[in-house]
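Order of the sequence lines fixes the chain letters, A, B, ..., with proteins taken first and strands second; residue numbering starts at 1 for each chain. When reading the values below, keep in mind they use all heavy atoms of this one structure, side chains included, and skip hydrogens, waters and symmetry mates. Source: prediction; values computed, not measured.
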Amino acid sequence: MTDPLTIKLTDSLSRKKQEFIPLDPNHVKLYACGPTVYNYAHLGNGRMAVVYDLWARLLRHAYPKVTYVSNITDVEDKIITAAKESGQEIAVITEKYTKIYNDDMATLGVGLPDIQPKATEHIQEMIDQIAQLIERGHAYEAEGHVLFNVPSDPSYGALSGRSRDEQVAGARVEIAPYKRDAADFVLWKPSTNDQPGWDSPWGVGRPGWHIECSAMAEKHLGLPFDLHGGGADLKFPHHENEIAQSCCAHGHPEKVNSFANYWIHNGFVTVDGEKMSKSLGNFLLVHDLIKDHKGEVLRLALLSAHYRQPLDWSAQVLHQSQVLLDKLYTKLLELKDVQADIGEIPMSIMTALCDDLNTPLAIAELNKMLKEKEGVELKSQLLAVGSLIGILQENPDEWLVQDHSNIDVSKVEGLIKERAEAKKNKNFARSDAIRDELLSIGIEINDTRDGTTWQKT
RNA sequence: GGCGCGGUGGCAGAGUGGCCAUGCAGGGGACUGCAACUCCCCGUACGCCGGUUCGAUUCCGACCCGCGCCUCCA
């Protein structure tokens, strides 16, 4: 890598696309908020995982060392609810869904982050940070709770563009009486006997949601670090609060990038134009989708829109990804005997990815490349692109092989043989009838110079 | 109400001050006994109204429409 790559990204903090300049070019640090493990991961979780996995891959391509941290939230009130409803221990639930999450993401070609910290293993770090906030006058104890005092942070709202007053005006929930300010949020809350709890200077309790990411990012990456990512919905309040906690804990409330230098946010997945929700019954789980679709098809589909844009999931999106991957694997199969190592990423594709991870453009360039190049050059570049973006990792033979388990192969081949006879005798009426018959049982035939092949439609 | 995002050809989806996105679907052609596969070709898209400009889908302003967040959420 002689020529240093210039990566541009849209920074949510400055609201501008700008050049990424690492704090330390020898060690780039990325943090992305991971899932709360109380259920199967949905497509939105999948998109988040794929997007930041690709950011990590791109950064690794450009810099010698990258540490990518993405957490598992394993203490949260939804988990408590899930435990009560299912009668299972909390740890059983969180371990189960953590494993399923990682397995499902692996199917999407998502590598494990370099570090995957769990909230429950960082309670002490959270307590320490809360204590620091109290010490510096940014947090206070009230009725067993510890709250972050929003008015004590002059920079609060820098990320979301929301002032404290606006937040209060928009509040749709009742304001707890122990809050000094309506905008204050919980750092620590008391636990009853049937809720998970840890000893703390403020009694037995559990952390609020936002503090875990502040504590874990700092522990594993140090402050400040380069990039912090997550879903667009986390911008407020979660990320806003993370900034407040981390900057204030270290006495830099006015320096909003003293926590993370750049912020990146991915857009939502909608399904046929509607937001996924349980009530609409369009809540797509990765765990279900991988039963019917190959992981790479789902991954490519998730990358078919720019990561910051909303992505509308539909049969069409899947179809396009499937068709393209089939084409690519067919090409690789054709080039099976061509000796080629992983080559260079074509400039056009690299440029697209370096421009704020423009995957739709990169895919378009991939299509062009498929047309314009051939032989060793094509194969080596396909392998290079595939290994960077996380596709084409399967054996082409296996990818293209069909599942014939519920087909009467001998019958199909018998008919094809009969058709060949009919064709030889110029009995085209009979041969066409056979073709129609095969089609009616879902078999499509394909005459080639070397005979007739068939496949499921 | 506040904050933010977006409206591109049948669909998906980039991008740009003047020239090609790309893919899927569709149409035409080559090939084929006829098909399929493959290959080639094709469609004058940029929400609406003003403004700046020699020229705007692209810049500026107003308007209309859609979406997200403000409550747990990727």
Side-chain angles (χ1 to χ4, degrees), chain A residues 10 12 15 32-36 38-39 41-52 70 73 76-79 81 157 159-163 165-174 183 209 229-238 240 265-270 273-278 283 300-324 327 330 334 348 352 355 358-371 422-423 426-429 431-432 435-436 438-439 443-449 452-455 457:
Chain A
T10 302
S12 306
R15 276 154 243 215
C33 292
T36 302
Y38 68 105
N39 201 343
H42 59 249
L43 249 191
N45 295 303
R47 187 182 195 192
M48 171 266 150
V50 167
V51 162
Y52 296 104
S70 187
T73 297
E76 221 271 321
D77 287 2
K78 272 178 303 200
I79 303 174
T81 308
L159 178 67
S160 60
R162 246 178 268 264
S163 71
D165 293 337
E166 283 159 355
Q167 185 193 353
V168 173
R172 287 185 231 161
V173 276
E174 259 183 72
W209 174 38
D233 55 325
L234 295 183
K235 206 187 273 187
F236 189 89
H238 185 55
E240 192 72 71
H265 293 275
N266 63 277
F268 267 64
V269 178
T270 57
E274 285 179 310
K275 186 181 171 176
M276 275 196 292
S277 75
K278 284 175 182 167
F283 211 74
L300 193 62
L302 285 170
L303 294 173
S304 68
H306 184 88
Y307 79 96
R308 305 185 69 242
Q309 297 303 129
L311 171 68
D312 190 36
W313 195 258
S314 64
Q316 167 123 225
V317 172
L318 279 168
H319 177 244
Q320 286 198 35
S321 298
Q322 176 73 250
V323 168
L324 176 56
K327 250 201 270 191
T330 302
E334 279 172 25
S348 60
D355 185 11
N358 191 338
T359 51
L361 186 57
I363 292 168
E365 294 297 335
L366 183 59
N367 269 299
K368 284 189 196 164
M369 178 179 130
L370 196 57
K371 250 183 199 171
K423 279 180 62 171
K426 305 245 186 267
N427 185 356
F428 297 123
S431 74
D432 289 351
R435 184 169 63 209
D436 290 343
L438 285 167
L439 209 52
I443 303 298
E444 190 175 79
I445 56 170
N446 189 358
D447 290 339
T448 72
R449 206 179 305 162
T452 300
T453 61
W454 59 276
Q455 60 185 1
T457 52

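In this structure A/I363 satisfies the side-chain contact (heavy atoms from CB on, under 4.5 Å) test together with A/L300, A/L324, A/N367, sequence neighbours excluded. Taking the side-chain contact (heavy atoms from CB on, under 4.5 Å) definition, one finds that A/N427 meets it with A/A422, A/A429, A/R430, sequence neighbours left out. Residues meeting the salt bridge (Lys or Arg N to Asp or Glu O under 4.0 Å) test with A/D312, sequence neighbours left out: none. When the salt bridge (Lys or Arg N to Asp or Glu O under 4.0 Å) test is applied to A/R435, the partners found at least two apart in sequence or on another chain are A/D432. In this view, A/S431 satisfies the side chain to side chain donor-acceptor pair (under 3.5 Å) rule with no residue, not counting sequence neighbours. Applying the ring-ring contact (aromatic ring centres under 6.0 Å, His included) test to A/H42 and every residue at least two apart in sequence or in another chain returns A/F283. Residues forming a side-chain contact (heavy atoms from CB on, under 4.5 Å) with A/S160 (at least two apart in sequence, or on another chain): A/R162, A/F236, A/E240. With sequence neighbours excluded, the residues that form a salt bridge (Lys or Arg N to Asp or Glu O under 4.0 Å) with A/K423 are A/D447. Here A/P310 pairs with nothing under the side-chain contact (heavy atoms from CB on, under 4.5 Å) rule; sequence neighbours left out.
Between the C1' atom of B/A74 and the NE2 atom of A/H238 lies a distance of 11 Å, rounded to the nearest Å. In this structure, CG of A/L159 is placed 20 Å from P of B/G2, rounded to the nearest angstrom. Note: CG (A/L303) to P (B/A12) measures 19 Å, nearest angstrom. Taking atom CE on A/M48 and atom P on B/A74, their separation rounds to 9 Å, with Å as the unit. Whole-Å rounding puts the A/Y307 OH to B/G13 P distance at 17 Å. Rounding to whole angstrom units, CG of residue A/L311 and P of B/G23 are separated by 20 Å. As a whole-Å value, the separation of A/L324 CG from B/A14 C1' is 15 Å. In this structure, A/K368 atom NZ and B/A21 atom P are separated by 10 Å, rounded to whole Å.
Comparing A/I363 and A/D312 by the nucleotide of RNA chain B that holds the closest heavy atom to each, the one mapping nearer the 5' end is A/D312.
B/C67 sits 23 Å from B/G9 when the C1' atoms are compared, rounded to a whole Å. Going from the C1' atom of B/C69 to that of B/C37 covers 49 Å, rounded to whole Å. Going from the P atom of B/C48 to that of B/C39 covers 37 Å, rounded to whole Å. Taking the P atom of each, B/G18 and B/C59 are spaced 11 Å apart, rounded to whole Å. Taking atom C1' on both nucleotides, B/G66 is separated from B/G17 by 27 Å, rounded to a whole Å. Across the P atoms, B/C60 and B/A21 are found 24 Å apart, a figure rounded to whole Å. Taking atom C1' on both nucleotides, B/C24 is separated from B/U57 by 23 Å, rounded to a whole Å. Distance noted for atom P between B/A25 and B/C11: 16 Å (whole Å).
In the model, A/Y307 has no side-chain atom that pairs as donor or acceptor with a side-chain atom of A/N358 under 3.5 Å.
Going from atom CG of A/L159 over to atom NZ of A/K235 covers 6.0 Å, rounded to the nearest 0.5 Å. Between A/H319 atom NE2 and A/S314 atom OG the span is 11.0 Å, to the nearest 0.5 Å.
At the heavy-atom level, A/G231 lies under 4.0 Å from the strands shown only through sugar-phosphate atoms. In this structure, A/L361 reaches the bases: a heavy-atom distance under 4.0 Å links it to at least one base atom across the strands shown. Using a 4.0 Å heavy-atom cutoff across all strands shown, A/H42 reaches at least one base atom of the nucleic acid. Among the heavy atoms of the strands, none lies under 4.0 Å from A/V51. A/G46 comes within 4.0 angstrom of nothing in the nucleic acid, heavy atoms only.
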Scoring nucleotides 4-11 of chain B by protein non-hydrogen atoms under 4.0 Å (B base, S sugar-phosphate only, - none) yields S-S----B
Along nucleotides 26-39 of chain B, 5' to 3', which nucleotides get a B, which get an S, and which get a -, given that the test is a protein heavy-atom distance under 4.0 Å?
-------BBBBS--
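In this structure, A/W313 and A/L43 have side chains that are in contact, with non-hydrogen atoms separated by less than 4.5 Å. No side-chain heavy atom of A/T270 sits under 4.5 Å from any side-chain heavy atom of A/L311.
Distance from the side chain of A/A305 is smallest for B/G13 among the nucleotides B/C70, B/A74, B/G13. The A/H319 side chain lies nearest to B/A25 when the options are B/G23, B/A74, B/A25. Closest to the side chain of A/V317, from the set B/A12, B/A14, B/A74, is B/A12.
With the 3.5 Å cutoff on both pairing distances, Watson-Crick and G-U pairs in RNA chain B assemble into runs of at least 3 at B:1-7 with B:64-70, B:10-12 with B:22-24, B:26-30 with B:38-42, B:49-51 with B:59-61.
Residue A/K371 places at least one side-chain N or O under 4.0 Å from the OP1 or OP2 atom of B/G23.
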